[in-house]
> 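What follows is a single structure, and I will ask about it in a moment.
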2 protein chains.
Amino acid sequence: MRRDIFQAIADPTRRAIIGLIAIQAMTPNAIAEHFETSRQAISKHLRILSECELIQQEQKGREIFYQLELNKLKEIDQWLAQFKAIWENRFNELDTILANLKNKTDENESTI
Amino acid sequence: MRRDIFQAIADPTRRAIIGLIAIQAMTPNAIAEHFETSRQAISKHLRILSECELIQQEQKGREIFYQLELNKLKEIDQWLAQFKAIWENRFNELDTILANLKNKTDENESTI
DNA sequence: TAAATTTGCAACTAATTGGTTTCTTAATTT
DNA sequence: AAATTAAGAAACCAATTAGTTGCAAATTTA
């Protein structure tokens, strides 16, 4: 029951919900209309997303509008950042290798 | 049994494995030494990561070195990109609002 | 060649997950 | 006031998951 954002986005339905309410807030019923499953199943997904603070809710009369909490998604981006640092670094290394190769080629050319 | 990258990174142990082998390839035994669980449990995690093509293996004698496939991690980054577009857009909107506010302030100042 | 090491695979188990059904509460309509 | 609508809560179920134990195959080492 103690879930984190990574478990929250592991489910494809939950990722679809996130995509759906990214632009504008929606009610559970409106969201459920976009899926094959029942409203209750969607409600459970919304509860999980709420527990992880990936979504926020605003009550309007008897309706509840759920909205994406974009800042929370940044936590995934932050986890990715450490690897991004590596892959960009590898790219730089490749740059260095290519630069070295070019220098050697130039040297050879100059001795011809 | 049909898992995708999002399910692969949902497990904290698997995320730790990913972090561990990000810099250099490691054998299952070496990886397992960093965790409380058994080697077999780690092996199962490695199989899941393999199935999702998040890691690659290279056999050296009786040892198998597992290495992170950085490019696969980019798929998560690509999924995040759509939301990044939104939050950067919101930031720009805020910029516009602030710019407008400033202009109005300037106008007021000029009329004083 | 025999013993030890490294690893993967299969069977089993307890816990968790996603889903359904039923029920209750609260806010609108009619 | 009665019926309808929106939504959360609880109980239940089938499928999946993470982990364990035991075993077999392949490579080293003694």
Side-chain angles (χ1 to χ4, degrees), chain A residues 1-21 24-69 72 76 79, chain B residues 1-21 24-69 72 76 79:
Chain A
M1 278 288 168
R2 187 82 295 136
R3 293 197 191 76
D4 61 21
I5 9 164
F6 292 97
Q7 285 170 292
I9 64 159
D11 185 89
T13 305
R14 283 198 289 270
R15 282 201 304 282
I17 292 174
I18 288 173
L20 206 55
I21 64 173
Q24 59 171 9
M26 288 174 76
T27 65
N29 264 327
I31 295 167
E33 279 172 15
H34 289 78
F35 298 93
E36 296 295 310
T37 48
S38 66
R39 179 192 61 81
Q40 283 86 345
I42 297 297
S43 252
K44 281 186 113 184
H45 284 305
L46 290 172
R47 197 160 72 90
I48 290 165
L49 292 170
S50 280
E51 281 171 2
C52 300
E53 295 175 306
L54 263 168
I55 59 174
Q56 280 185 331
Q57 49 191 296
E58 194 188 348
Q59 185 113 24
K60 279 187 181 172
R62 68 181 159 187
E63 289 177 319
I64 300 176
F65 287 83
Y66 285 91
Q67 186 173 26
L68 184 61
E69 184 56 61
K72 199 68 182 179
I76 295 159
W79 179 73
Chain B
M1 276 289 170
R2 190 83 290 142
R3 294 197 191 76
D4 62 21
I5 13 166
F6 292 98
Q7 284 170 295
I9 63 158
D11 185 272
T13 305
R14 284 198 288 270
R15 283 202 304 282
I17 291 174
I18 288 173
L20 206 55
I21 64 173
Q24 59 171 9
M26 287 174 77
T27 65
N29 265 327
I31 296 167
E33 279 171 15
H34 289 77
F35 298 92
E36 296 295 310
T37 47
S38 66
R39 179 193 60 80
Q40 283 88 343
I42 297 297
S43 252
K44 280 186 115 185
H45 284 305
L46 289 172
R47 197 159 73 90
I48 290 165
L49 292 170
S50 279
E51 280 170 3
C52 300
E53 294 175 307
L54 262 168
I55 59 175
Q56 279 185 333
Q57 47 192 298
E58 194 188 348
Q59 185 112 24
K60 278 186 182 173
R62 69 182 159 187
E63 289 178 319
I64 300 175
F65 287 83
Y66 285 90
Q67 187 174 25
L68 183 61
E69 184 57 60
K72 200 70 183 177
I76 296 160
W79 178 74

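Just so it is clear: chains get the letters A, B, ... in the order the sequence lines come, proteins before strands, and each one is counted from 1.
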> Report yes if a side-chain nitrogen or oxygen of R3(A) is closer than 4.0 Å to either non-bridging phosphate oxygen (OP1 or OP2) of dT17(C); otherwise report no.
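Yes, within the criterion.
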
> Nearest to the side chain of S38(A), heavy atoms from C-beta on, is which of dG8(C), dG19(D), dT20(C)?
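My answer, after comparing the listed nucleotides, is dT20(C).
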
> Would you please confirm or rule out a distance under 4.0 Å between OP1 or OP2 of dT20(C) and any side-chain N or O of T37(A)?
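It does not, given that no N or O in the side chain of T37(A) lies less than 4.0 Å from OP1 or OP2 of dT20(C).
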
> So if I take every side-chain heavy atom of K44(A) and compare against dA18(D), dG18(C), dA9(D), which nucleotide ends up nearest?
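The closest nucleotide is dG18(C).
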
> How long is the line joining CZ of F35(A) and P of dG18(C), in whole Å?
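My rounded result for the distance is 14 Å.
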
> With L54(B), which of L49(B), I48(B), L46(B) fulfils side-chain contact (heavy atoms from CB on, under 4.5 Å)?
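When side-chain contact (heavy atoms from CB on, under 4.5 Å) is applied between L54(B) and each of L49(B), I48(B), L46(B), only L49(B) qualifies.
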
> For the pair made of CD in Q59(A) and C1' in dA26(C), what is the distance, rounded to whole Å?
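Those two atoms, CD and C1', are 9 Å apart.
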
> Taking N and O atoms by type only, does the side chain of R14(A) place a donor or acceptor under 3.5 Å from a partner on the base of dG18(C)?
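Between dG18(C) and R14(A), which were checked side chain against base, a qualifying N/O pair under 3.5 Å is absent.
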
> Indicate whether OP1 or OP2 belonging to dG8(D) is found under 4.0 Å from a side-chain N or O atom of S43(A).
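Answer is yes, contact under 4.0 Å.
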
> Closer than 3.5 angstrom, by distance alone: can the side chain of R14(A) be matched with the main-chain N or O of Q7(A) as a donor-acceptor pair?
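Looks like yes, one N/O pair under 3.5 Å.
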
> So, is N29(A) close to the dT5(D) phosphate, meaning a side-chain N or O under 4.0 Å from OP1 or OP2?
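Indeed not, no polar side-chain atom of N29(A) lies that close.
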
> Name the closest nucleotide to the I64(B) side chain, picking from dG19(C), dT7(C), dG8(D).
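Closest nucleotide to the I64(B) side chain: dT7(C).
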
> Under the 3.5 Å rule, do the base of dT6(C) and the side chain of R62(B) count as making a donor-acceptor pair?
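A donor-acceptor contact between them is absent.
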
> Using a heavy-atom cut-off of 4.0 Å across all strands, would you classify Q40(B) as base, sugar-phosphate, or nothing?
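Since a base atom lies under 4.0 Å of Q40(B), the category is base.
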
> Identify which one of T13(B), I31(B), T37(B), I55(B) satisfies the side-chain contact (heavy atoms from CB on, under 4.5 Å) criterion when paired with H45(B).
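Of all the options given, the one that passes is T13(B).
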
> Could you tell me whether a side-chain N or O of R15(A) sits under 3.5 Å from a main-chain N or O of A10(A), the two making a donor and an acceptor?
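Flag set: sc R15(A) to bb A10(A) pair under 3.5 Å.
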
> Round to the nearest Å and state the distance from E58(B) atom CD to dT6(C) atom C1'.
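Going from CD in E58(B) over to C1' in dT6(C) covers 16 Å.
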
> Considering only dT17(C), dG19(D), dA6(D), which nucleotide approaches the side chain of T13(B) most closely?
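Of the candidates, dG19(D) comes closest.
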
> Establish whether the base of dA6(D) is bridged to the side chain of R39(A) by a donor-acceptor pair shorter than 3.5 Å.
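Side chain to base: no pair present.
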
> Counting any heavy atom closer than 4.0 Å, what does Y66(A) reach on the DNA or RNA strands: base, sugar-phosphate only, or nothing?
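Sugar-phosphate, no base atom in range.
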
> Can you tell me if the side-chain N/O atoms of H45(B) get under 4.0 Å from OP1 or OP2 in dT17(D)?
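It does not, given that no N or O in the side chain of H45(B) lies less than 4.0 Å from OP1 or OP2 of dT17(D).
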
> What is the separation between atom CD1 on I31(B) and atom C1' on dT7(C), rounded to the nearest whole Å?
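In whole Å, dT7(C) C1' and I31(B) CD1 are 12 Å from each other.
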
> In whole angstrom, give the distance that lies between atom CD of E51(B) and atom C1' of dA18(D).
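My rounded result for the distance is 14 Å.
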
> Between dA18(D) atom C1' and I17(B) atom CD1, what is the distance in whole Å?
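Whole-Å distance recorded here is 12 Å.
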
> Whether the side chain of E33(A) engages the backbone of F35(A) through a donor-acceptor N/O pair (distance < 3.5 Å, no angle test) should be reported.
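Checked: no pair found.
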
